[in-house]
Structure formats: structure tokens, C-alpha cells
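The structure under discussion appears below in the form of C-alpha cells.
Just so we're clear, the structure is a prediction, and the values are computed from it rather than from any experiment.
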Amino acid sequence: MLVLFGFHQRNRRHPLVEPSLFAHRGFPAALAASTLFFAVMNGVMLVVVLHQQLDEGRGVLTSGLTLLPWSGGLAISSWVAGKWLVPRYGSRVAFAGLTLLLAGILLAIAGPLPVALGVGGLGLGLFTVPFFTAALSVVRPQETGSAAGLLNAVQQVGATLGIAVFGTVFLHGRSSAQAFSLAAVLVVATMAATALMPATPRRP
């Protein structure tokens, strides 16, 4: 759908977005990485809540509170990344974040869920802070509005796909392990897409 939209915009006299954004591989790679990342992020949250209610028999409030380590890890690591890590290490922090996210997802398959969600949440924050800086680093001033709009759009697409796909996988097999395994594969794909993005230099 995104590819067809890109071709459609190239042939328009007054396009909705700047077609030049697709001339550099870095920005399309950022769109792919954002789609995959937010699919995992929202899909995992859905699976955790469904698993707690349908498999563990927990109530709605308890199931929601299970996500506290996920959200808490995100809040803490994003603050640490923005204040100290990204200025010092640049975009390498994003890969550290994806590695932690992958570790948390793998831990969720075999280990305690609160710990796994805490580790995964830390990875979320470490990824998001440097990601958007790197995604917009190849954008020229006249492309900024289109770039920001597209990044927001693919976040919504990724979230929608994550809920649809992960919900289907879980409800079809009633197996959180299958859903988490899919999440692990998509995190690896996110790493591959992120590797195609331009590196942002660390602050001297």
C-alpha cells in the first residue's frame, strides 16, 4: 500500500507529500522500521492483556496493571537515552534498544512476564529517542512536514497491523509463545531496516 502510494504521488502535479523523500533509501527504511516497530509494540501489549484474561483468568484491572513494567521501562529509558546516551553514542543506542526489546520478548516466552516486560520496556525507550532523530536527519527543510506526517501515518498503520495480526495469531492458537515468537522475528526485521538508515553522529 505504501509503495503504491509513493508511485501515485510521484505522478501528481501537487502531491500530498514530497516525492523526493523516497529518493534516498534512508527515509523509506525509516518508514519500514517504524511500521514494524509499532506493530510489535502494540501487538505485544494486546497479547499480554489477552493472555492474562483468557489464559490466566485475571481481571481487567490486573491485566492492565501487568503492563506497568513495560510502560515504566519505556519512561525511564527514554529519559536516560535523551539526556545521556544518545548525545554520547548517537544512533548506536537504537540497536541497543532493539537488542533489549528482543531479549525481553524471548524472556517472555520462557521466563517471568513482569521481568520480561521490564526489559522490553527499557528497549522501547532506548530505540525511540535516537530513531526519530536518525529518520529525520536526511530530510531537507521543505520535506520536514511531509516526513513527519508520513512517520505518524506509518505508526498508525503499524499499530493497526500489530493488533490485527498478533490478535489473530494469539486467538487462533491460544498461544502467547507463538505471538511472542512472531514479535521476535519482526524485531529482527526492524533491526535490518534500521541498519539502512543514516547514522547520527554522537555529540563531541
Side-chain angles (χ1 to χ4, degrees), residues 26-27 29-49 52 63-139 144 147-148 150-156 158-159 162-163 166 179-180 183-204:
F27 190 74
L31 295 179
S34 181
T35 303
L36 292 167
F37 175 77
F38 282 95
V40 171
M41 181 177 176
N42 289 272
V44 167
M45 288 192 295
L46 176 68
V47 168
V48 168
V49 172
Q52 291 294 303
S63 301
L65 291 175
T66 303
L67 292 171
L68 276 178
W70 180 263
S71 302
L74 169 60
I76 293 171
S77 60
S78 59
W79 175 66
V80 172
K83 190 171 181 63
W84 289 296
L85 297 181
V86 174
R88 184 170 183 180
Y89 299 106
S91 57
R92 288 181 291 176
V93 178
F95 289 97
L98 290 175
T99 301
L100 271 180
L101 177 58
L102 179 61
I105 290 172
L106 293 177
L107 185 60
I109 297 176
L113 193 58
V115 175
L117 292 175
V119 173
L122 291 174
L124 294 177
L126 292 182
F127 174 78
T128 52
V129 173
F131 169 76
F132 290 104
T133 301
L136 296 174
S137 65
V138 296
V139 174
T144 303
L150 278 175
L151 283 172
N152 182 68
V154 297
Q155 288 177 36
Q156 306 307 316
I163 291 172
F166 281 85
F180 288 141
V185 172
L186 293 185
V187 171
V188 173
T190 306
M191 289 180 174
T194 304
L196 297 176
M197 295 170 56
T200 53
R202 64 181 183 179
R203 186 180 303 169

Side-chain touch [X]/[Y], heavy atoms, less than 4.5 angstrom:
{"X": "Val139", "Y": "Leu136", "value": "yes"}
{"X": "Leu124", "Y": "Trp70", "value": "yes"}
{"X": "Leu102", "Y": "Leu106", "value": "yes"}
{"X": "Trp79", "Y": "Trp84", "value": "yes"}
{"X": "Leu67", "Y": "Val49", "value": "yes"}

Nearest atoms (heavy-atom pairs only) where Gln52 meets Ser63: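 It is CB-OG, 3.3 Å.
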Gly125 backbone acceptor or donor facing Ser78 side chain under 3.5 Å: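 Between the backbone of Gly125 and the side chain of Ser78 there is no qualifying donor-acceptor contact (under 3.5 Å).
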For Leu126, the option from Leu98, Leu74, Leu85 that meets side-chain contact (heavy atoms from CB on, under 4.5 Å):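 Answer after filtering Leu98, Leu74, Leu85: Leu85.
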Nearest-0.5 Å distance that lies between atom CG in Leu107 and atom CG in Leu117: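 Spacing of CG (Leu107) from CG (Leu117) equals 9.0 Å.
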From Leu101 atom CG to Met191 atom CE, the distance as rounded to the nearest 0.5 Å: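 With rounding to 0.5 Å, CG (Leu101) is 8.0 Å from CE (Met191).
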Set of side-chain contact (heavy atoms from CB on, under 4.5 Å) partners for Val138, sequence neighbours left out: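 In terms of side-chain contact (heavy atoms from CB on, under 4.5 Å), with neighbours along the sequence ignored, Val138 is linked to His24, Phe27, Pro198.
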Which residues share a ring-ring contact (aromatic ring centres under 6.0 Å, His included) with Phe131, sequence neighbours left out: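 Result, ring-ring contact (aromatic ring centres under 6.0 Å, His included) vs Phe131: Phe127.
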Which pairs of donor and acceptor atoms, one on a side chain in residues 29-45, lie under 3.5 Å apart (sequence neighbours left out)?
from: Thr35; atom 1: OG1; to: Leu31; atom 2: O; distance (Å): 2.8
from: Asn42; atom 1: ND2; to: Phe38; atom 2: O; distance (Å): 2.8

